[in-house]
Amino acid sequence: MTRHCCRYLLDTSVYPNEPEPLKELREVSASHPSYWMGTAPDAGQLMGILLKLINAKRTIEIGVFTGYSLLLTALTIPEDGKIIAIDVDREAYEMGFPIIKKASVEHKVNFVKSEALQALDDLMADLDNEGSFDFAFVDADKVNYLNYHERLMKLIKVGGLVVYDNTLWRGTVAMPEDAVGEKYKGGRKLLLEFNNLLANDARVQICHASIGDGMTICRRLH
Ligand code: SAH
Ligand code: CA
């Protein structure tokens with residue numbers, strides 16, 4: 001997408017419809033040194049629709065940061081919905097938490113400060129959790145996307161969704177390697193491998209959407 005198109009759709013369709021608490025959280029996060037990690041608001045809008053369409057109630061989030069996608073999920077799921085929100089960084093989460101609280105949705109959030117693989121293994125240790133989640137959003141270390149996928153294919157119910165963020169890696173997955181800046185090469189390689197795996201995974205129906213930094217939506221088939 002060109003930069004002009006991106007600006008246009010943010011100004012026309014996204015910002016005028018962005019709930020006030022999310023706007024506020026975005027503004028608060030802007031002072032964080034890694035502010036660019038927050039979910040793109042246009043991608044967030046897509047996530048909001050997906051959550052509503054499947055009536056998501058129990059969700060998992062891997063990679064919370066200051067909580068943009070988390071708050072979006074909390075505002076979208078029903079009053080008795082629950083999000084297991086996993087991140088190694090509690091400080092960033094605490095930066096956005098007052099806004100989550102002010103929006104009166106903190107009771108839907110179960111923040112787990114942990115390495116995500118460990119947290120998923122802990123969830124799987126309780127057999128009642130198998131196939132019990134409606135939705136997961138994965139937005140943490142790309143090196144583990146494959147590992148997260150294997151576990152989520154057990155935790156998410158058939159018909160449920162797993163959404164992976166940053167799957168276009170600034171468009172570098174579509175570029176020849178020598179045209180890619182040094183700092184993107186490692187991530188590009190991981191995402192190339194991951195994208196190929198998803199494209200050939202018979203367990204899921206996928207849509208690789210060119211929104212934000214690329215979002216791959218997977219629907220568990222069996
Ligand atoms: N979804 C967030 C952005 C997440 S940024 C938003 O909308 O703002 C990525 C986050 O993943 C960071 O906060 C980082 O601490 C976390 N992370 C990275 N590796 C992780 C791991 N192995 N386990 C748990 N969290 C991890
Ligand atoms: Ca991201």
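When a ligand or atom number is given, it counts from 1 through the structure's own listing order.
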### Summary
The N/O/S atom of Asp139 lying closest to the Ca ion (ligand 2) is OD1
### Summary
heavy-atom search around atom 23 (N) of ligand 1 in the protein gives Ala116 N, 2.9 Å
### Task
Indicate, as side chain, backbone, both or neither, the part of Ser114 found under 4.0 angstrom from ligand 1 when only non-hydrogen atoms are considered.
backbone
### Task
Among all protein heavy atoms, pick the one closest to atom 22 (N) of ligand 1 and tell me residue, atom and distance.
Glu115 OE1, 2.9 Å
### Message
Measuring from atom 1 (N) of ligand 1, which candidate in Ala119, Gly67, Gly96, Ser69 has the nearest non-hydrogen atom?
### Response
Ser69
### Cationic N near anionic O, under 4.0 Å, Glu182 to Lys185
yes
### Task
Answer side chain, backbone, both or neither: which part of Tyr148 comes under 4.0 Å from ligand 1, heavy atoms only.
side chain
### Query
Distance only, no hydrogens: is a donor on one side chain within 3.5 Å (strictly under) of an acceptor on the other, for Asn110 and Lys82?
no
### Task
Report yes if some heavy atom in the side chain of Glu61 is under 4.5 Å from a heavy atom in the side chain of Ile86; otherwise report no.
no
### Query
Between Lys102 and Glu24, is there a side-chain N and carboxylate O pair less than 4.0 Å apart?
yes
### Query
Counting heavy atoms only, which of Val64, Asp141, Asp139, Ile86 is nearest atom 19 (N) of ligand 1?
Asp141
### Message
Out of Val88, Leu72, Val138, Thr73, who is nearest to atom 25 (N) of ligand 1 when you count heavy atoms only?
### Response
Val88
### Query
So does Asp87 pair up with Lys113, basic N to acidic O under 4.0 Å?
no
### ring pair (Phe, Tyr, Trp, His ring centres under 6.0 Å) between Tyr164 and Phe194, intermediate numbers included
CA-CA 10 Å; Tyr164 293 96; Phe194 182 68; 4.8 Å; yes
### Query
Is the closest side-chain donor-acceptor distance between Arg151 and Asn144 under 3.5 Å?
no
### atom 10 (C) of ligand 1 - nearest protein heavy atom and its distance
Asp87 OD2, 3.5 Å
### Task
Report the C-alpha separation of Lys189 and Glu177 in whole Å, then their side-chain angles, then the decisive distance to 0.1 Å, and conclude whether the salt bridge (Lys or Arg N to Asp or Glu O under 4.0 Å) test is met.
CA-CA 9 Å; Lys189 190 164 175 279; Glu177 195 188 357; over 6 Å; no
### Query
Do any of the N/O/S atoms of Asp213, backbone or side chain, fall under 3.0 Å from the Ca ion (ligand 2)?
no
#### Entry: Taking atom 8 (O) of ligand 1 as the reference point, the nearest protein heavy atom with its distance
Gly38 CA, 3.2 Å
### Task
Kindly confirm whether the Ca ion (ligand 2) is within less than 3.0 Å of some N/O/S atom in Met37?
no
### Task
Give the residue and atom name of whichever protein heavy atom lies nearest to atom 17 (N) of ligand 1, and the separation in Å to one decimal.
Ala140 CB, 3.7 Å
### Task
Would you indicate whether the side-chain heavy atoms of Leu9 and Tyr15 approach each other to under 4.5 Å?
no
### Query
If you count the atoms of ligand 1 from 1 in the order shown, which ones are under 4.0 Å from a heavy atom of Met37?
3 (C), 5 (S), 12 (C)
### Message
Tell me whether Lys154 is salt-bridged to Glu130, with the criterion being a basic N under 4.0 Å from an acidic carboxylate O.
### Response
no
### Query
What atoms of ligand 1 come closer than 4.0 angstrom to any heavy atom of Asp89?
15 (O)
### Query
With only distance considered, is Phe137 within less than 3.5 Å of ligand 1 through an N or O on each side?
no
### Shortest-distance N/O/S atom, Asp165 versus the Ca ion (ligand 2)
OD2
### Query
At what distance is the nearest protein heavy atom to atom 7 (O) of ligand 1, and which residue and atom is it?
Thr39 OG1, 2.5 Å
### Task
Tell me, yes or no, whether the heavy-atom count around Glu91 atom CD, taken from other residues, nucleotides or ligands under 6.0 Å, exceeds 12.
no
